[in-house]
Amino acid sequence: MNIRTEQEIINSWKYVDEIYVSVVCMTYNQETYIKTAVDSFLKQEFDYKYEIIIHDDASTDSTPQIIQQYLSLYPNIIKVIKQKVNQYSIKPTLPSINTLNEAQGRYIAICEGDDYWIDSRKLKLQFEKLEANPSVNLCFHSYKYIIDGQFSDSKLSSFQENVPFEDIVLAGGGGLCTASLFIRRCAMLPLPKFFRNAPVGDYFMQVIAASSGGAIYLNENMAAYRVNSIGSWSASIKSRGIVYQVKADEMVSAIKDLDCFFLERYSVLFKKAIAKEYQAYSLKALKNHSYQDFNNLIKKSWYSFRLESPKQTILFFGRKFSFLYVWFISIEERFRTWLKKR
């Protein structure tokens with residue numbers, strides 16, 4: 001599908017009495033990817049007026065120039081927030097806060113600059129689903145990984161269409177693809193004060209939005225998520241290493257703030273989420289042979305919520321033999337690779 005002109009897009013809107021969707025995109029030094037992302041926004045087949053807000057976090061490559069070209073062609077659709085000082089380096093959630101605060105749409109669709117949408121019906125399908133379900137504020141969908149330029153398997157197909165709040169909480173920070181999120185703006189804004197100090201933004205937006213009516217899951221691959229792309233969080237931690245205990249403790253502290261935000265109505269649920277978070281980081285440490293971090297983190301998981309899962313129990317009681325886990329993980333990964341090649 002060719003990219004339409006601004007006038008062609010505007011002429012396709014049947015409903016222009018308000019901005020129905022704000023597409024928000026945060027980017028930094030993603031000159032290789034940003035064009036694909038913005039093109040995927042402009043290709044949306046949607047009858048309702050929408051806006052695109054791009055937050056450039058003081059990029060030092062050609063990302064600002066590429067964005068400026070789009071702005072000159074689509075001045076009535078695209079808005080640009082151009083930072084002179086990198087906001088992420090001040091607080092990781094500042095780019096999200098800055099962008100979301102500019103959104104005027106009834107709904108907010110999120111996609112970071114290194115990801116993109118692979119279905120031109122995405123906004124239409126999610127909009128129609130939430131319009132038909134006014135008690136639900138969050139909709140998300142399955143997606144595909146892109147690894148080394150190649151599509152991998154789709155993700156999230158294990159969800160049922162109606163997802164309870166508890167499942168969103170326990171899915172963790174990486175449970176839902178950010179590029180799949182479609183949220184009713186009034187359910188999320190204004191953002192709570194603790195959000196500014198959170199280590200990531202997407203998980204906490206998901207939980208806040210899902211707190212009243214859970215979420216709706218669409219089992220259609222409508223987004224592409226790049227793994228270890230230039231400028232991405234996954235690539236940055238891979239290049240500089242990661243202090244697993246520090247990162248886990250930061251996330252857990254924010255989850256505790258989230259529990260306070262809900263006036264401790266879901267304390268047991270959030271304790272279980274904390275246990276899962278420590279367990280997830282313990283496995284990351286284990287795979288990277290950080291055995292001391294693994295040992296400390298799995299103990300924190302156990303004492304946060306014992307018997308959270310069979311995996312947690314096995315990891316906790318077998319932690320003195322962590323070198324064997326690495327061997328089993330290696331075999332499992334090789335077996336999965338073999339199955340994919342068959």
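Aromatic ring pairs are classed by plane angle as parallel below 30°, tilted from 30° to 60° and perpendicular above 60°; the pair Y145 and Y225 is tilted.
A centroid separation of less than 6.0 Å is found between the aromatic rings of Y217 and F140. Aromatic rings of Y88 and Y28 (six-membered ring for Trp) have centroids beyond the 6.0 Å cut-off, not under it. Taking the six-membered ring where the residue is Trp, the centroids of W13 and Y48 are separated by 6.0 Å or more. Checked against the 6.0 Å centroid criterion, the rings of F46 and F127 qualify as a close aromatic pair.
Under the 4.5 angstrom side-chain criterion for Ile, Leu, Val, Met, Phe, Trp and Tyr, L263 has no cluster partners at all. Through direct or indirect side-chain contacts shorter than 4.5 Å among Ile, Leu, Val, Met, Phe, Trp and Tyr, V268 is connected to F305.
Side-chain N or O atoms of D257 include none that pairs as donor or acceptor with a backbone N or O of F194 at under 3.5 Å. Remark: side-chain polar atoms of D119 are paired, donor with acceptor, to backbone N or O of R121 under 3.5 angstrom. For E45 (side chain) and K124 (main-chain N/O), no donor-acceptor pair under 3.5 Å exists by modelled atom type. Using a distance-only test at 3.5 Å, with no hydrogens or angles considered, no donor-acceptor pair links the side chain of E102 to the main chain of N98. With S22 contributing its side chain and G105 its backbone, the two residues share a donor-acceptor pair below 3.5 Å. Although no hydrogens or angles enter the test, the distance criterion places no donor-acceptor pair under 3.5 Å between the side chain of S290 and the main chain of D293.
Cation-pi geometry between R319 and F316 is satisfied (NZ or CZ under 6.0 Å from the ring centre, within 45° of the ring normal).
Checking Q83, K82, M26, Q30 one by one against D57, the side-chain contact (heavy atoms from CB on, under 4.5 Å) holds for a single residue, Q83.
More than 12 heavy atoms of other residues, nucleotides or ligands shown are found within 6.0 angstrom of CZ on R106.
Using a cutoff of 4.0 Å between basic side-chain nitrogens and carboxylate oxygens, E51 and K79 are scored as salt-bridged.
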